[in-house]
Amino acid sequence: MTTLHILLASGENLPNLIPAIAPIQNDASFKAGAVLILTSAAMRTRAQILKYGLEATGLKNVSIYPEDCPDHGLVEITNWAEVRAKEIAANYYDDRRILNLTGGNKLMTIAFLEAFQNRGFEIVYCDTEHHHIEYIRPLERRAPVLPVNILKLPVYLAAQGYQLREEHPDVTGIQAREALTRKLVADAPGAERLIRALNQAFFEYNDKNNLSASVQTERLNAKEKELLQTIRESGLIKPSGFQNEAAAGYLGGGWLEEWCWIIGKELEQGEPGKRLQDDRWGINLKIDPAGQAIIPGRNQYSLNELDAVFVHRNRMLLIECKTGAQISEAGKGQNILNKLETLGKHVSGRLDTKWLLTARRIDRNSQVLKRAEGYQIRIIAPEDLIHLKEEIQKWMTR
């Protein structure tokens with residue numbers, strides 16, 4: 001016997017995908033062996049992305065019904081749904097059939113409930129916010145709890161219409177720089193002028209191709225000079241300028257992303273409920289549209305780069321890292337917030353969480369803070385960077 005999940009395509013794919021791949025406790029046959037996606041003309045592209053996401057989980061038997069469902073007119077939708085219900089019941093008469101009503105619009109929900117409820121279909125709704133699958137028919141059946149870690153990062157991205165490039169961070173380099181990264185994070189609240197000087201030197205090196213760019217030290221205080229000396233002792237800065245391109249990228253802001261990597265590795269060792277799986281997070285991730293062939297040299301630039309991403313409890317935490325002055329500058333700060341807001345909508349989905357990590361202070365009265373609040377973007381200030389692990393743990397458990 002196969003378990004067939006019937007899904008209604010909509011703008012949010014995760015509530016459709018999660019129940020289909022969920023191993024439900026005390027109900028081993030709930031997980032889909034086959035999936036049929038019903039869609040309106042307007043949602044056919046989203047249906048294709050949902051199919052891509054389901055197949056990324058290893059599901060082989062995923063199909064999209066070729067005829068479009070009406071998306072308005074209750075009588076028209078109900079008539080269409082009744083024909084499909086009879087057809088599916090006949091074609092899958094020997095199988096378990098589960099209709100997921102989370103997708104579609106409200107009229108489709110009413111119509112499909114009316115058409116399917118008396119023909120031997122189980123009918124469910126996925127409440128992703130409260131981590132339950134609610135049974136609509138049979139109503140007396142207990143609502144199963146969704147497992148905490150169903151979604152791996154590549155599957156999450158696939159369900160949103162993106163694929164992850166097979167690139168990996170320089171783990172050896174990150175580990176070699178870990179002590180310095182921790183010191184930069186700890187000292188960041190009192191090292192604004194040094195951080196500004198490092199960013200300026202990186203700009204000279206990177207954007208102006210000035211290979212001998214040097215860090216300006218005239219206005220540094222005693223603690224900043226001490227931190228700069230530690231950097232020099234690490235070999236990342238030499239009298240002639242940055243040691244190499246990797247050193248320039250690190251000191252120009254990459255250390256903040258590497259701090260996210262260090263925290264991610266620590267969270268992998270956490271206690272149950274606060275443990276991060278190694279295939280559910282990453283830094284410096286490059287993503288492209290789903291199914292796009294990646295040809296070296298022809299599409300070397302990805303659609304987007306994600307500074308840091310964490311997936312837990314089937315939700316995503318999206319982090320942008322900034323050590324430069326862009327966030328506090330007029331216009332540029334708005335651009336950064338716009339980018340993070342857009343990424344949240346397209347990459348994370350409806351239950352996204354967005355944080356902006358900054359090593360530069362933002363004035364309490366700045367418009368950036370007010371706009372960030374409007375976008376539901378949390379800004380992690382320099383003095384809070386040291387507590388990043390604890391803040392992510394709070395996000396993981398709430």
Side-chain angles (χ1 to χ4, degrees), residues 167-266 282-285 305 307-308 319-329 332 336 355-362 379-389 391:
E167 297 183 10
H168 304 283
D170 175 18
V171 172
T172 301
I174 293 173
Q175 291 172 332
R177 294 184 289 266
E178 181 174 342
L180 178 57
T181 300
R182 290 183 181 277
K183 185 164 181 57
L184 282 164
V185 169
D187 291 356
E192 184 164 349
R193 282 170 292 193
L194 174 59
I195 292 171
R196 185 186 300 122
L198 289 170
N199 283 324
Q200 182 59 39
F202 174 69
F203 174 78
E204 294 284 339
Y205 176 91
N206 193 51
D207 290 5
K208 295 189 177 181
N209 200 29
N210 181 2
L211 302 182
S212 60
S214 60
V215 179
Q216 301 300 313
T217 62
E218 290 81 3
R219 300 183 61 191
L220 303 185
N221 60 35
K223 295 199 81 172
E224 289 173 318
K225 289 179 180 177
E226 179 184 328
L227 178 55
L228 179 58
Q229 181 58 30
T230 302
I231 295 172
R232 284 175 172 153
E233 290 171 358
S234 72
L236 296 177
I237 296 178
K238 297 183 178 298
S240 57
F242 290 113
Q243 179 189 41
N244 51 33
E245 184 178 354
Y250 171 80
L251 293 172
W255 59 271
L256 198 48
E257 291 158 22
E258 292 192 12
W259 178 233
C260 292
W261 186 91
I262 292 167
I263 296 305
K265 295 306 288 185
E266 288 186 359
I283 68 165
N284 297 329
L285 303 175
E305 293 189 18
D307 289 349
I319 294 179
E320 184 86 359
C321 300
K322 293 297 176 188
T323 63
Q326 311 101 311
I327 189 61
S328 58
E329 292 178 357
K332 291 184 179 180
I336 292 168
W355 292 356
L356 175 62
L357 273 56
T358 175
R360 303 284 288 274
R361 294 186 184 279
I362 303 174
I379 294 181
I380 307 294
E383 59 271 20
D384 296 321
L385 294 175
I386 196 68
H387 305 298
L388 182 61
K389 179 180 177 180
E391 293 305 315

Rounded to the nearest 0.5 Å, what's the gap from [atom1] on [X] to [atom2] on [Y]? Could you check?
X: T181; Y: E257; atom1: OG1; atom2: CD; result: 11.0 Å
X: L251; Y: T323; atom1: CG; atom2: OG1; result: 10.0 Å
X: L357; Y: I380; atom1: CG; atom2: CD1; result: 6.0 Å
X: L256; Y: E320; atom1: CG; atom2: CD; result: 10.5 Å
X: I336; Y: T358; atom1: CD1; atom2: OG1; result: 8.5 Å
X: K389; Y: K265; atom1: NZ; atom2: NZ; result: 13.0 Å

Of the non-hydrogen atoms in [X] and [Y], which two are nearest, and what is the gap between them?
X: G190; Y: N221; answer: O-ND2, 3.9 Å
X: L227; Y: A191; answer: CD2-CB, 4.1 Å
X: P189; Y: A186; answer: CD-O, 3.5 Å
X: C321; Y: D307; answer: N-OD2, 2.8 Å
X: F202; Y: A248; answer: CD1-O, 3.1 Å
X: L220; Y: K225; answer: O-CE, 3.3 Å

Side chain to side chain contact (heavy atoms under 4.5 Å, CB included), that's the test. Do D187 and E226 meet it? Break it down for me.
CA-CA 11 Å; D187 291 356; E226 179 184 328; over 6 Å; no

Residues two or more places apart in sequence or in another chain: which of them pass salt bridge (charged side-chain N to carboxylate O under 4.0 Å, His left out) with E383?
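E383: salt bridge (charged side-chain N to carboxylate O under 4.0 Å, His left out) contacts with R361.
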
Qualifying residues under salt bridge (charged side-chain N to carboxylate O under 4.0 Å, His left out), relative to E224, sequence neighbours excluded
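Counting only residues at least two positions away or on another chain, E224 forms a salt bridge (charged side-chain N to carboxylate O under 4.0 Å, His left out) with R193.
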
Under 4.0 Å between a Lys/Arg side-chain N and an Asp/Glu carboxylate O for K183 and E233?
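Here K183 does not pair with E233 in a salt bridge, since their nearest N and O are not under 4.0 Å apart.
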
Test side chain to side chain contact (heavy atoms under 4.5 Å, CB included) on Y250 and L184; report intermediate values, then the result.
CA-CA 11 Å; Y250 171 80; L184 282 164; 3.6 Å; yes

Are the side chains of Q200 and Q216 in contact, using a 4.5 Å heavy-atom criterion?
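Answer no - side chains too far apart.
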
Is any side-chain heavy atom of D384 closer than 4.5 Å to one of E391?
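Of all side-chain heavy-atom pairs linking D384 with E391, none is under 4.5 Å.
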
Among L180, I195, I174, I231, find the residue that satisfies the side chain to side chain contact (heavy atoms under 4.5 Å, CB included) test when tested with W255.
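Considering L180, I195, I174, I231, a side chain to side chain contact (heavy atoms under 4.5 Å, CB included) with W255 is found only for I195.
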
Determine whether more than 12 heavy atoms belonging to other residues, nucleotides or ligands lie under 6.0 Å from atom CD of Q229.
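Check passes, neighbour count above 12.
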
